[in-house]
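Order of listing sets the numbers, starting from 1, for every ligand and every atom in it.
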Amino acid sequence: MRIIRAAKVLTGRPGEVLEDGEVLIDGATIVSVGPRGHAGEHAVAGEGDVLDLPGHTVLPGLVDAHVHLGFDDRVDPVTRRSPESDHHLLLRMAENARKLVSAGVTTARDLGARGFLDIALRDAIEEGLAVGPHVVAATRPITITGGHCWYMGGEADDEPAIRRVARENLRAGADCLKVMASGGQMTPGAPPSWIPQHGTEQLRAVVEEAATRGKGVAAHAHAHAAIRSAVEAGVTTIEHCSFFTPSGHRYDPALADLVAASGTFVCPTVHGAFERIRKVHGAEMLDAWLAGVTAMREAGVRLIAGTDAGFAVGGIANETDGYVGGLEVFAMAGHGNAEIIELATVRAADACGVGQVAGSLDPGKRADLIAVAGDPLARLADLRNVTLVLVSGRSVGQAGVDTVTSSAG
Ligand SMILES: [Zn+2]
């Protein structure tokens with residue numbers, strides 16, 4: 001048993017803050033959370049098992065609901081001259097996972113990887129062979145032949161083909177399914193963002209297959225028609241939801257109301273490279289996009305944090321350890337700090353299908369938590385001052401997993 005004490009503990013239950021609080025942990029699991037002394041000294045074996053963090057805030061580990069650990073920002077995986085081997089790519093993914101967890105992210109949903117490498121990485125992290133967050137793996141995104149991200153291996157056009165790819169992904173161990181409901185920007189020769197790829201019936205087939213294993217579906221949707229189809233099909237999360245048209249972002253209040261009323265989560269994939277892209281590529285497009293995020297918030301859409309880290313945006317790197325920069329974009333879009341922490345923890349965990357085990361500091365959940373110097377409720381940037389990251393009770397640092405600490409429970 002271990003006790004972690006801090007000046008403030010944010011339990012993850014919306015609005016709940018414990019001044020001078022403590023968390024009691026047994027191995028990989030949270031036993032209790034309460035005011036200092038509630039656990040009683042008898043709960044731990046010795047003094048070394050109490051970690052006192054004055055001036056710090058302890059909160060649930062952060063969730064990135066949309067990453068691509070298999071991309072490196074620099075190169076287009078389709079047109080690069082010598083394709084990277086799976087072996088080399090897996091090592092790159094491990095390094096990206098290490099960077100992500102060092103930023104305080106303890107759960108990451110990988111929404112597209114080739115060769116089931118995300119499954120291999122997920123399992124290696126759980127075994128302690130690699131350092132990273134818990135991974136919720138989508139494996140190969142389902143897309144039309146030659147469509148957005150076809151090169152990850154998930155091409156399927158009609159319903160039988162879609163069901164087959166979905167079942168193969170689930171057989172390989174996918175934790176959720178990803179479908180490309182519209183085109184995108186990153187794949188040469190594929191339909192652009194404003195063109196729908198799969199219709200409502202095809203998306204419904206993906207939702208049905210995922211439901212046979214109790215899993216959710218993430219739908220990549222920029223185009224208006226694709227956003228509507230995703231809602232009608234009953235997907236769990238809509239990715240991007242950018243209301244994109246041939247002439248840029250055109251927010252549609254009626255469509256946003258439909259999304260809000262359905263309860264579908266939206267991951268607008270705001271990220272830490274936002275300001276740099278805005279400077280280099282001009283403000284107009286990004287400001288229209290940001291206005292859409294603000295409007296969705298006001299419409300009552302359930303927004304969640306996710307960065308799309310891994311992809312380059314206009315030649316500018318969107319790095320896995322720039323996670324907090326994405327949260328700062330939510331602040332630019334009008335969110336308060338408590339609300340941002342909620343959409344980055346408990347709400348994102350629910351959206352990723354792991355709300356039963358992660359997202360808040362509740363007894364019985366995984367001991368996924370972080371400590372930061374300062375008070376992120378008062379100053380969001382304090383989330384950058386990460387001094388402790390626990391992933392299922394294991395202390396993670398730049399050097400790797402601290403197995404001594406992990407076995408002390
Ligand atoms: Zn993505």
Could you tell me whether any N, O or S atom belonging to His240 is less than 2.8 Å from the Zn ion (ligand 1)?
no
Salt-bridge present (Glu328, Arg384; N to O < 4.0 Å)
yes
Could you tell me if Ser193 and Gln185 have a donor-acceptor pair between their side chains, going purely by distance under 3.5 Å?
yes
If you check every N/O/S atom of Asp308, which is the one nearest the Zn ion (ligand 1)?
OD1
Using a strict threshold of under 4.0 Å (side-chain N to carboxylate O), is an ion pair present between Glu95 and Lys99?
no
I'd like to know if Glu239 pairs up with Lys178 as an ion pair, taking the criterion as any Lys NZ or Arg NE/NH1/NH2 lying under 4.0 Å from an Asp or Glu carboxylate oxygen.
no
Which atom name would you report as the N, O or S atom of His66 nearest the Zn ion (ligand 1)?
NE2
Closest to the Zn ion (ligand 1), which N/O/S atom of His68 is it?
NE2
